[in-house]
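Take a look at the structure set out below.
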Amino acid sequence: MALKLEDLHNYNTLVAEKGEEDEEPTPVLLLNKYRIRLLPLSSLPFVQNYSNISQLSLNSDDVLVIDSPIGSSEKYSKKSLEISKKSAIKQEDESMEMEEDKENEGGEDGPLVTSFLTLEKLQKGTLLNDVEIVGLDCEVQFFDANPIPFEDGVSLQRFLRLESSAHFSPAVDKLPIWISTISSNIPSVCWIASGRTQKNIQFSGVTRVIGHFNESNQKLIKQLNEAAGAAQVNRYRAVYDGIRKIATPTREAPGEVIIDMRWNTKSSLVLLEQPDNAADCIIKIDLGWRDNRFFIDESIFEQLFFVLNLADVLANPEKEVVFPMEYVKFGDLVKEMDEIVEACSHEDNNFLQALTYGKIKSHVQEGNKSHLASLIRASKTRIVNKFSSTLQFPADELTFILKTCENELTTGEGSLNSSVVSLLPITMALATVNQIFGLLNEKDYVLLPELARRVLTKFTSGMIEKAKRGETETDYTFETTLPLLRMSKEKFMDKRPRIWTCENMSTVGAHCQTRIMTSLELESSMEHVSRIVNAGRPIREIETDAETQRKPTIEELNADYTVSHTVFSYLPKM
């Protein structure tokens with residue numbers, strides 16, 4: 001029976017709803033031999049590194065991904081630990097078998113270095129005191145892929161070109177196909193692709209994993225580009241992490257800051273080419289939800305969510321107020337809170353319910369609403385003053401924006417609740433612009449008031465629109481583009497780019513004949529790719545003795561990158 005889109009959507013639903021203890025859903029099979037899934041093109045390793053995936057012009061944003069069903073229930077993960085001083089030393093354990101002592105063990109699946117860096121070693125002070133640990137808690141999940149041998153993948157691709165209509169419904173048959181493959185040697189083909197574009201032009205694609213970065217592989221990349229007829233204009237991209245999306249038990253919805261740089265040159269390809277000052281820096285900020293890393297003044301963060309809790313209690317008196325821990329200081333707000341506690345303790349204990357472990361939990365009675373409302377007013381004054389003084393933003397303009405937001409929210413929220421809820425976009429805007437503030441040159445701080453207006457407009461209008469639909473706004477993202485010459489390079493370029501790419505193309509007349517992308521990654525998202533590349537990656541020792549410790553050479557640092565090369569070929573209509 002022909003495979004239908006509904007079958008693929010149903011499988012995706014089962015995967016999304018699967019609990020940690022549940023068994024893996026039965027995969028959808030092709031020819032009773034291959035697993036087949038429907039996935040967004042933007043989720044595929046290596047392909048997702050394109051600066052603009054839409055320029056590939058495929059006829060669908062979703063593609064069929066085919067691999068082996070064997071091993072699909074296994075979950076691979078890795079811990080990546082990056083140590084940086086002015087330069088970074090990257091160490092990974094790809095096999096995750098950390099029970100054994102692999103201090104001096106090499107081998108195909110061994111670690112990249114001969115000595116594991118552990119928390120115990122750090123605590124004993126075996127490394128220099130000024131070494132910075134970046135992303136210690138960052139667990140990267142591998143893309144779920146069970147590659148088939150490259151030769152089988154080529155045969156399957158040839159078969160589907162001739163027989164796909166006998167196995168796929170028309171809606172499935174028109175989708176692009178990506179087949180996950182593996183070769184025993186480097187270069188290793190990890191993706192082969194085929195399908196049609198939006199203009200019904202046939203295309204084929206291949207992604208080769210070249211190995212780790214070295215001079216020999218750089219020459220090979222140039223030869224591959226020349227063979228594909230690459231033009232002289234190179235479009236470069238470098239992605240830096242400002243704040244990484246790291247979840248913890250107290251940070252369930254983490255945010256992130258990404259600096260995505262783009263620039264063009266007409267010179268010959270140079271891997272890890274540095275950007276010029278004309279490069280565009282796309283700053284992408286996602287605050288997540290309740291991620292205190294974005295708040296330079298953490299008391300503002302604590303105060304915001306404390307007051308939101310008060311507003312929730314005012315609207316729902318059956319709920320409890322949870323006051324902040326003792327060590328959190330809000331100045332005037334804490335003073336007023338203490339006065340309320342003192343006053344309420346003499347009111348037949350109607351308000352005060354318990355005082356335990358530094359937290360006060362209380363139920364609100366009707367007569368206490370004025371007390372809590374005064375806390376909200378004090379909080380509003382503090383946040384407005386902080387915003388104005390930090391960003392040199394006119395206080396009267398901010399007050400007007402705040403009042404306008406309150407008025408728009410009053411109908412559905414009630415006056416007291418709308419007053420405090422309107423603080424949310426203001427405070428989140430402050431956290432957002434503070435991130436941009438930390439990336440700018442001092443002479444370019446003049447940009448901040450206008451950027452603040454744009455952020456405020458986006459966040460307040462987003463909240464109002466969702467409130468009208470009865471929804472709660474918890475999505476605070478902002479994106480802006482600035483030239484590199486306005487950025488303080490040392491504030492983020494002392495780290496290495498997590499992703500670096502060079503894109504090129506060749507044309508015949510007005511027709512695009514090939515699209516080419518060379519990609520360098522510090523963290524490969526495919527387990528088998530990491531394993532193959534690590535087998536040939538040079539081993540670098542980390543000296544734990546401060547007196548003999550040396551900085552790694554640029555060649556040693558560059559070897560941490562995994563190099564891949566992707567080519568899409570477009571066949572003209574005959």
- Message: Could you check whether any side-chain N or O of R293 sits under 3.5 Å from a backbone N or O of G255, counting only pairs where one atom can act as donor and the other as acceptor?
- Response: yes
Quiz item: Just wondering, more than 12 heavy atoms not from E479 lying within 6.0 Å of its CD?
Solution: yes
Notebook entry, point to check: Is the closest side-chain donor-acceptor distance between N234 and E503 under 3.5 Å?
Noted result: no
Residues pairing under salt bridge (charged side-chain N to carboxylate O under 4.0 Å, His left out) where one sits in residues 438-449, two or more places apart or in two chains, turn out to be D444-R486
Would you call D280 and R262 a salt bridge, using N to O less than 4.0 angstrom?
no
Original post:
Quick one: are K174 and R196 in side-chain contact, heavy atoms under 4.5 Å?
Top reply: no
Side chains of S51 and R235: any donor to acceptor distance under 3.5 Å?
no
For K468, the salt bridge (charged side-chain N to carboxylate O under 4.0 Å, His left out) test, sequence neighbours excluded, returns none
Contact check, side chains of E408 and M463, non-hydrogen atoms, under 4.5 Å: no
Across all chains, not counting sequence neighbours, the side chain to side chain donor-acceptor pair (under 3.5 Å) partners of S54 are N52
Any salt bridge linking K495 with D241? Criterion: basic side-chain nitrogen under 4.0 Å from a carboxylate oxygen. no
Just wondering, do V233 and T265 contact through their side chains at under 4.5 Å, heavy atoms?
-> no
Query raised in the report: Is any side-chain heavy atom of I243 closer than 4.5 Å to a side-chain heavy atom of Q435?
Result: yes
Could you tell me whether the side chain of I499 reaches within less than 4.5 Å of the side chain of N49, counting heavy atoms only?
yes
For residues T197 and S57, is any side-chain donor paired with an opposing acceptor at under 3.5 Å?
no
Item checked: Basic-acidic side-chain contact under 4.0 Å: R496, D560 -> yes
Between E397 and R453, is there a side-chain N and carboxylate O pair less than 4.0 Å apart? yes
Compute whether any side-chain donor of one residue and acceptor of the other, for K489 and N277, lie under 3.5 angstrom apart.
yes
Q | Over 12 non-hydrogen atoms of neighbours within 6.0 angstrom of OH in Y445 | A | yes
Taken in chain and number order and not counting sequence neighbours, the residues that satisfy side-chain contact (heavy atoms from CB on, under 4.5 Å) with A395 are S388
The side chain to side chain donor-acceptor pair (under 3.5 Å) partners of D286 (sequence neighbours excluded) come to none
Applying ring-ring contact (aromatic ring centres under 6.0 Å, His included) to Y236 and not counting sequence neighbours gives W263, W500
For this session: Measure up the F393 and F387 rings against each other and bin them: parallel (under 30°), tilted (30 to 60°), perpendicular (over 60°).
Result: perpendicular
| request: Output yes when a side-chain donor or acceptor of W289 lies under 3.5 Å from a complementary backbone atom of Y476, and no otherwise. | output: no
*asked:* Are the side chains of L39 and F143 in contact, using a 4.5 Å heavy-atom criterion?
replied: yes
pair T432-L451: side-chain heavy atoms closer than 4.5 Å
no
